[in-house]
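First the structure, in the form of structure tokens, and then the observations on it.
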Number of protein chains: 2
Amino acid sequence: MTVQPTPDDLPEPLPEPAVDDIRLETVMGALSDPLRMGIVRKLLLESEQFDHPCGWFGLDRPKSSLTHHFKALREAGVTRQRQYGLERRSHVRVDDLNTRFPGLLDLVAAWTPASS
Amino acid sequence: MTVQPTPDDLPEPLPEPAVDDIRLETVMGALSDPLRMGIVRKLLLESEQFDHPCGWFGLDRPKSSLTHHFKALREAGVTRQRQYGLERRSHVRVDDLNTRFPGLLDLVAAWTPASS
DNA sequence: CATGCAGTACGATCGAACTCGTACAAGAAG
DNA sequence: CTTCTTGTACGAGTTCGATCGTACTGCATG
């Protein structure tokens with residue numbers, strides 16, 4: 001058995017809940033906002049590479065609003081954020097969420113924005 | 001092919017969204033409250049018979065608060081409510097939710113309240 | 001060091017939702 | 001009809017979250 005290679009070259013993740021502390025009702029509260037649901041869905045479907053800074057999403061909102069939403073996702077345990085120089089890049093905690101709430105991310109991936 | 005027997009003896013359901021109008025983010029918003037999550041979970045796990053009035057849940061809240069929460073669940077499309085004489089009984093729209101969001105109710109059934 | 005850029009922190013505003021008391025409606029039962 | 005029961009309607013108080021402007025930090029680059 002080989003030792004899992006520790007990615008020492010990666011920046012430390014910003015504060016986030018441990019896997020076992022992720023609560024389903026909190027995750028659902030984070031996803032109850034259509035903007036945040038769309039962020040997670042886009043990460044799931046289109047992030048071919050790795051993490052993405054919040055400018056990548058092309059959201060037409062002030063930066064201070066985006067900070068609020070990305071923080072909400074991270075503190076709920078849905079995403080992880082790392083600081084890469086200037087940028088704070090996000091990705092979905094896929095393994096953690098699939099372990100705790102299997103099937104949840106499939107629902108998010110299948111989501112479509114309201115037609116209104 | 002036999003005609004589906006229409007349950008004419010059942011009271012009409014209270015106003016609720018049609019199946020196709022149930023939105024995932026709205027459902028998640030309704031389930032982001034621990035009290036409501038517990039209501040749905042209890043309905044899923046313990047409702048051997050059919051519907052249940054809101055006294056059956058043994059919730060230690062004023063009646064006017066319970067009205068609010070049961071209405072939130074119904075208007076989100078999570079539950080259906082019918083008037084049986086005095087009582088307004090609820091059940092989960094299992095088929096509708098499994099059709100639109102397969103796996104979601106499994107997550108609710110597996111939910112456990114916060115340890116606090 | 002000066003400039004520019006990504007993003008945060010803080011605080012104000014505003015609307016929605018939670019909580020609850022009180023009064024009321026409507027069926028059930030004597 | 002009177003009373004009891006189940007639950008609603010309405011309204012007030014309060015909390016929470018969304019939005020956003022402004023000022024700021026921290027890194028990068030010249």
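Order of the sequence lines fixes the chain letters, A, B, ..., with proteins taken first and strands second; residue numbering starts at 1 for each chain.
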Legend entry - Verdict with reasoning, A:R74 to A:Q81, per side-chain hydrogen bond (donor to acceptor under 3.5 Å, both in side chains): CA-CA 7 Å; A:R74 173 172 49 87; A:Q81 288 186 291; 2.7 Å; yes
Inset, instruction - Using whole Å, report how far CG of B:L14 lies from C1' of D:dT6. - result: 13 Å
Legend entry - Rounded distance [0.5 Å steps], CG in B:L97 versus CG in B:L105: 5.0 Å
Polar atom pairs (N or O), protein with nucleotides 23-30 of chain D, under 3.5 Å:
none

Inset, instruction - Measure the angle between the two terminal helix axes of the helix from C:dC1-D:dG30 to C:dG30-D:dC1, five base pairs each, and quote it to 10°. - result: 20°
Inset, instruction - Write down the distance between CG (B:L66) and C1' (C:dT19), rounded to a whole number of angstrom. - result: 11 Å
Legend entry - Of all pairs that satisfy salt bridge (charged side-chain N to carboxylate O under 4.0 Å, His left out), the ones with a partner from residues 53-66 of chain A, not counting sequence neighbours: none
Legend entry - Partners passing side-chain contact (heavy atoms from CB on, under 4.5 Å) against A:P102 (at least two apart in sequence or in another chain): B:L107
Inset, instruction - Can you check each nucleotide of nucleotides 9-17 of chain C against protein heavy atoms at under 4.0 Å and return B for base, S for sugar-phosphate only, - for none, in 5' to 3' order? - result: B--------
Legend entry - Residue pairs passing the salt bridge (charged side-chain N to carboxylate O under 4.0 Å, His left out) test where at least one lies in residues 19-43 of chain A, sequence neighbours excluded: A:R23-A:E25, A:K42-A:E46
Legend entry - Value in whole Å for how far the P atom of D:dT19 lies from CG of A:D60: 12 Å
Inset, instruction - Is it possible for you to say whether A:V94 and A:M37 belong to one hydrophobic cluster, with membership spreading through side-chain heavy-atom contacts below 4.5 Å? - result: yes
Inset, instruction - Round to the nearest Å and state the distance from B:R61 atom CZ to C:dC20 atom C1'. - result: 11 Å
Inset, instruction - Starting at atom CG of B:L73, determine the distance to atom C1' of C:dC18, rounded to an integer number of angstrom. - result: 14 Å
Legend entry - Spacing of B:D33 atom CG relative to D:dT15 atom P, expressed in whole Å: 17 Å
Inset, instruction - Name all residues meeting the side-chain contact (heavy atoms from CB on, under 4.5 Å) criterion together with B:D106; count only those two or more places apart in sequence or in a different chain, and write none if there are none. - result: none
Inset, instruction - Using heavy atoms and a sub-4.0 Å distance, could you list which residues of residues 22-30 of chain B are near DNA chain D? By number, please. - result: none
Legend entry - Donor-acceptor pair, side chain of A:R100 and main chain of A:I22, under 3.5 angstrom: yes
Legend entry - Qualifying residues under salt bridge (Lys or Arg N to Asp or Glu O under 4.0 Å), relative to A:R93, sequence neighbours excluded: A:E16, A:D96
Legend entry - Residue A:H69, side-chain atoms from C-beta onward, closest of D:dA18, C:dT19, D:dG7: D:dA18
Inset, instruction - Go through the structure and list residues passing ring pair (Phe, Tyr, Trp, His ring centres under 6.0 Å) with A:F57, not counting sequence neighbours. - result: A:F70
Inset, instruction - State whether A:S65 places a side-chain N or O below 4.0 Å from either non-bridging phosphate oxygen (OP1 or OP2) of D:dC20. - result: yes
Inset, instruction - For A:A110, check side-chain contact (heavy atoms from CB on, under 4.5 Å) against everything at least two apart and list the hits. - result: none
Legend entry - Test item: A:R82 side-chain N/O and A:S90 main-chain N/O as donor-acceptor pair under 3.5 Å: no
Inset, instruction - Starting at atom CZ of A:F70, determine the distance to atom P of C:dA6, rounded to an integer number of angstrom. - result: 14 Å
Inset, instruction - Could you grab the distance from atom NE2 of B:H69 to atom SG of B:C54, nearest 0.5 Å is fine? - result: 11.0 Å
Inset, instruction - Could you check how far CD of A:E75 sits from P of D:dG17, rounded to whole Å? - result: 10 Å
Legend entry - side chain to side chain donor-acceptor pair (under 3.5 Å) involving A:E75 - partner list, sequence neighbours excluded: none
